[in-house]
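Below: the structure, in structure tokens.
For the single chain, residues carry numbers from 1 onward in sequence order. Computation of the quantities below employed the complete heavy-atom set of this structure, encompassing side-chain atoms and omitting hydrogens, waters and symmetry-equivalent molecules.
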Amino acid sequence: MIKPIGKMMVVVEESGEVKSASGISFQNTKKFGQIVTGIVEAIGDEVDKVKVGDKVYYLAKSGDEIKTEGSKVWYFMTQDMVKGVETDD
């Protein structure tokens, strides 16, 4: 797995229909400007509001796509997130 530095994080994108905490359902597609979800896999040492395992919402096409070990992951800064974070807490 990639170990991000600074304010960067690695997110594994979820696929299919996604339901937000408020109950709104939407398709996780990669059309420009749409919101998609993913699970945080790794965070840099300057990330303080997100932890590994959190579900995050971000704009499609933000960050850089990286293919590792057969998985598609996204590498981007925490400021690219929109709509907040869902945690297990």
Side-chain angles (χ1 to χ4, degrees):
M1 176 54 73
I2 298 167
K3 175 64 179 158
I5 59 173
K7 294 185 178 184
M8 302 299 286
M9 64 183 179
V10 175
V11 176
V12 175
E13 179 181 322
E14 291 186 323
S15 59
E17 185 174 281
V18 177
K19 187 176 281 193
S20 71
S22 61
I24 299 171
S25 295
F26 58 93
Q27 288 293 323
N28 223 15
T29 62
K30 295 304 288 182
K31 293 181 183 174
F32 183 77
Q34 289 188 329
I35 297 170
V36 292
T37 62
I39 304 298
V40 177
E41 287 289 314
I43 58 173
D45 56 352
E46 295 178 25
V47 176
D48 58 357
K49 296 184 180 182
V50 178
K51 64 183 187 299
V52 173
D54 285 350
K55 179 187 282 189
V56 294
Y57 296 83
Y58 57 96
L59 288 174
K61 307 295 184 186
S62 64
D64 296 312
E65 180 180 353
I66 302 169
K67 293 181 183 178
T68 60
E69 303 167 11
S71 298
K72 196 186 304 184
V73 298
W74 294 90
Y75 186 71
F76 59 90
M77 295 188 74
T78 54
Q79 68 196 32
D80 291 333
M81 286 189 314
V82 295
K83 300 293 184 187
V85 176
E86 286 184 33
T87 64
D88 293 333
D89 299 339

Open item on the list: Just verifying a value: how many Å separate Lys7 NZ and Asp48 CG, rounded to the nearest 0.5 Å?
Closed with: 8.0 Å

TODO: Drop me the distance from Lys3's NZ to Asp45's CG, to the nearest 0.5 angstrom.
DONE: 7.0 Å

Open item on the list: If the condition is side chain to side chain contact (heavy atoms under 4.5 Å, CB included), which residues does Val47 pass it with, not counting sequence neighbours?
Closed with: Ile43, Val50, Thr78

- [ ] Output yes when a side-chain donor or acceptor of Asp54 lies under 3.5 Å from a complementary backbone atom of Val40, and no otherwise.
- [x] no

Task: Derivation and outcome, side-chain contact (heavy atoms from CB on, under 4.5 Å), residues Val11 and Phe76 - done: CA-CA 8 Å; Val11 176; Phe76 59 90; 3.8 Å; yes

Task: Taking every non-hydrogen atom, the tightest pair across Glu41 and Val12 - done: CG-CG2, 3.0 Å

TODO: Report yes if some heavy atom in the side chain of Tyr58 is under 4.5 Å from a heavy atom in the side chain of Met9; otherwise report no.
DONE: no

